[in-house]
Amino acid sequence: MFSFSDNDMFARRCVWVNGPVIVGAGPSGLAVGACLKEQGVPCVVLERSDCIASLWQKRTYDRLKLHLPKQFCQLPKFPFPEHYPEYPSKRQFIEYLESYARKFDLSPQFNECVQSAKYDEVCRLWRVKTVSADGVEVEYICQWLVVATGENAERVVPEIDGLKEFGGEVIHACDYKSGEKFRGKKVVVVGCGNSGMEVSLDLCNHDAQPSMVCRSAVHILPREIFGKSTFELAMLLMTWLPLWLVDKILLILTWFILGDIEKYGLKRPTTGPLQLKNSQGKTPVLDIGALEKIRAGKVKVVPGIKKFSCGTVELVTGEKLEVDSVVLATGYCSNVPSWLQESEFFSKNGYPKAQFPNNWKGKSGLYAVGFTKRGLAGASADAIRIAKDIGKVHKEDLKQKKQKVPTHRRCISTF
């Protein structure tokens with residue numbers, strides 16, 4: 001409602017927010033906003049892009065579908081439409097999120113990139129500075145800050161010797177849309193996670209010749225076991241059995257369904273898939289057809305890369321492959337350290353230091369949503385906890401009429 005005394009107070013507009021500022025308008029940010037609305041708490045959602053769920057809308061390939069059944073991916077208080085298939089498509093999921101935003105009347109502030117967020121010890125409030133695409137600077141001042149930028153905010157581009165001298169097209173998987181433009185080309189896909197597998201499959205379906213780099217061990221599971229989602233089966237088994245035993249059962253069933261995959265160059269980790277997910281956040285690959293292409297020799301699995309040269313890639317084995325294009329399916333990372341000026345709750349890698357399930361709440365009104373490495377279900381659980389926690393304090397403030405309102409020099413604007 002009022003501005004703060006500051007050296008640059010005349011250079012930017014200051015906005016007092018009567019509730020939390022949520023950074024990020026992806027599924028996590030929308031989920032928190034909706035849950036807060038249910039608690040009667042106003043909020044401001046800041047989004048650097050020009051749309052909600054920009055990762056899904058702008059940085060995913062066309063054939064993408066949810067890898068888990070829809071009941072495990074729905075956001076709080078709003079199920080998927082009944083007519084949606086069990087594994088909704090990219091377009092269907094985006095439509096679902098747009099409906100979600102309309103349902104809860106969420107209107108993010110688009111094209112506002114957060115430059116910094118810092119807790120003011122004197123005022124005991126958060127100061128969130130943004131800049132718009134046209135250079136307009138705004139400072140939001142609030143009691144609570146919710147970090148909802150997630151685990152996939154920025155692409156990871158590894159440094160590979162000679163890649164700059166390669167000469168052919170090099171793109172990250174976030175820029176890959178379809179294998180159509182790679183028809184007839186020899187393509188190296190760097191990475192063998194879910195994205196690497198699916199990009200390789202898509203390239204193969206478009207008559208390209210993909211070689212997939214599998215440098216480290218990876219768990220590959222069938223998407224379904226005996227007609228039931230593998231994830232759903234695992235969740236059911238874990239209600240009765242210890243994690244290590246569930247891993248054993250899944251791997252035995254996987255061996256019966258998929259057979260021995262190590263003979264194709266796909267080594268399994270010694271740690272079970274669920275234990276690996278819990279301890280390191282590494283998601284197992286759910287096969288949707290790539291293994292069939294690998295068995296048929298249409299997708300070649302190769303070991304790590306030693307270096308690139310003009311039109312060629314040399315593997316660690318010494319083998320050289322002629323290549324037209326490279327797709328880097330090398331994942332994503334958090335961007336929190338680039339803008340959040342705080343080191344107690346978040347670590348240098350951009351993730352909360354505390355382990356699940358205690359990594360959603362920090363001190364001084366700081367919260368994190370979507371950093372559990374447990375997908376949309378984990379983000380939804382975070383959102384519910386955060387909204388209840390903030391809602392409780394908000395209601396107490398209203399009852400006692402002690403909501404703190406800054407009283408400084410000049411009235412600017414309010415949310």
Side-chain angles (χ1 to χ4, degrees), residues 1-4 6 14-25 28-47 76 106 108-109 112 114-130 138-150 334-347 350-354 356-372 379 381-408 413-415:
M1 188 175 294
F2 296 90
S3 71
F4 281 83
D6 199 358
C14 295
V15 178
W16 164 253
V17 181
N18 288 317
V21 164
I22 302 170
V23 183
S28 297
L30 296 177
V32 177
C35 292
L36 287 168
K37 286 288 185 77
E38 291 287 291
Q39 294 284 331
V41 181
C43 64
V44 169
V45 182
L46 302 177
E47 170 57 47
L106 300 172
Q109 300 293 110
E112 286 206 44
V114 174
Q115 301 295 293
S116 67
K118 184 178 181 180
Y119 186 70
D120 191 320
E121 297 286 352
V122 177
C123 303
R124 292 193 295 177
L125 295 168
W126 286 92
R127 303 165 70 99
V128 184
K129 297 178 181 180
T130 71
V138 180
E139 182 174 37
Y140 295 89
I141 300 164
C142 56
Q143 185 177 351
W144 302 284
L145 176 65
V146 181
V147 179
T149 48
S334 166
N335 69 357
V336 174
S338 69
W339 57 270
L340 181 61
Q341 298 177 27
E342 188 274 346
S343 58
E344 185 174 344
F345 182 53
F346 277 90
S347 60
Y351 286 83
K353 293 179 179 179
F356 176 84
N358 302 311
N359 57 354
W360 60 278
K361 182 180 180 181
K363 294 181 179 179
S364 306
L366 178 62
Y367 297 88
V369 57
F371 291 89
T372 62
D382 284 343
I384 293 170
R385 294 189 191 101
I386 292 169
K388 286 182 177 179
D389 198 60
I390 294 175
K392 181 180 178 181
V393 178
H394 184 74
K395 288 174 183 177
E396 289 176 356
D397 286 347
L398 291 178
K399 284 181 181 179
Q400 299 174 12
K401 295 183 179 180
K402 291 182 179 179
Q403 184 175 4
K404 296 180 180 180
V405 179
T407 54
H408 287 60
S413 57
T414 181
F415 271 87

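Scanning all heavy atoms of the two residues, the minimum distance from Ala379 to Val369 falls at O-CG2, 3.5 Å. Scanning both residues, Asp120 and Cys123, for their nearest heavy atoms gives OD1-N, 3.1 Å. Asp389 and Lys361 make their closest contact through OD2-NZ, 3.0 Å (heavy atoms, listed as atom of the first residue, atom of the second, distance). Among all heavy-atom pairs drawn from Cys43 and Gly33, the shortest one is SG-CA, 4.1 Å. Among all heavy-atom pairs drawn from Gly391 and Val41, the shortest one is CA-CG2, 3.8 Å. Among all heavy-atom pairs drawn from Ala368 and Pro352, the shortest one is CB-CG, 4.0 Å.
A 4.5 Å side-chain heavy-atom check between Ile390 and Gln39 finds every atom pair outside the cut-off. Using a 4.5 Å heavy-atom threshold, the side chains of Tyr367 and Trp360 count as touching. No side-chain heavy atom of Val23 sits under 4.5 Å from any side-chain heavy atom of Val147. No side-chain heavy atom of Gln109 sits under 4.5 Å from any side-chain heavy atom of Val138. The shortest distance between side-chain heavy atoms of Ser116 and Trp339 does not fall below 4.5 Å. At a threshold of 4.5 Å between non-hydrogen side-chain atoms, the residues Val114 and Lys129 do not count as touching. Between Tyr140 and Leu46, the closest side-chain pair of non-hydrogen atoms falls below 4.5 Å.
For Glu344 and Tyr119, the side-chain atoms include no donor-acceptor pair closer than 3.5 Å.
The aromatic rings of Phe371 and Tyr351 lie perpendicular to each other, with more than 60° between the two planes, well past the 30° mark.
The backbone N or O of Gly370 sits less than 3.5 Å from a side-chain atom of Asp382, completing a donor-acceptor pair. Counting only distance, with no hydrogens or angles, the side chain of Glu47 and the backbone of Ala25 share a donor-acceptor pair below 3.5 Å. Judged by distance alone, the side chain of Lys388 and the main-chain N or O of Cys35 form no donor-acceptor pair under 3.5 Å.
Within 6.0 Å of the NZ atom in Lys353, the count of heavy atoms belonging to other residues, nucleotides or ligands exceeds 12.
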Run the side chain to side chain contact (heavy atoms under 4.5 Å, CB included) test on Trp126 and Val21 for me, step by step, so that the C-alpha distance in whole Å, both residues' side-chain angles and the decisive distance to 0.1 Å come before the verdict.
CA-CA 9 Å; Trp126 286 92; Val21 164; over 6 Å; no

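For the side chain to side chain contact (heavy atoms under 4.5 Å, CB included) criterion with Ile386, the lone passing option out of Leu36, Val32, Ile22 is Val32.
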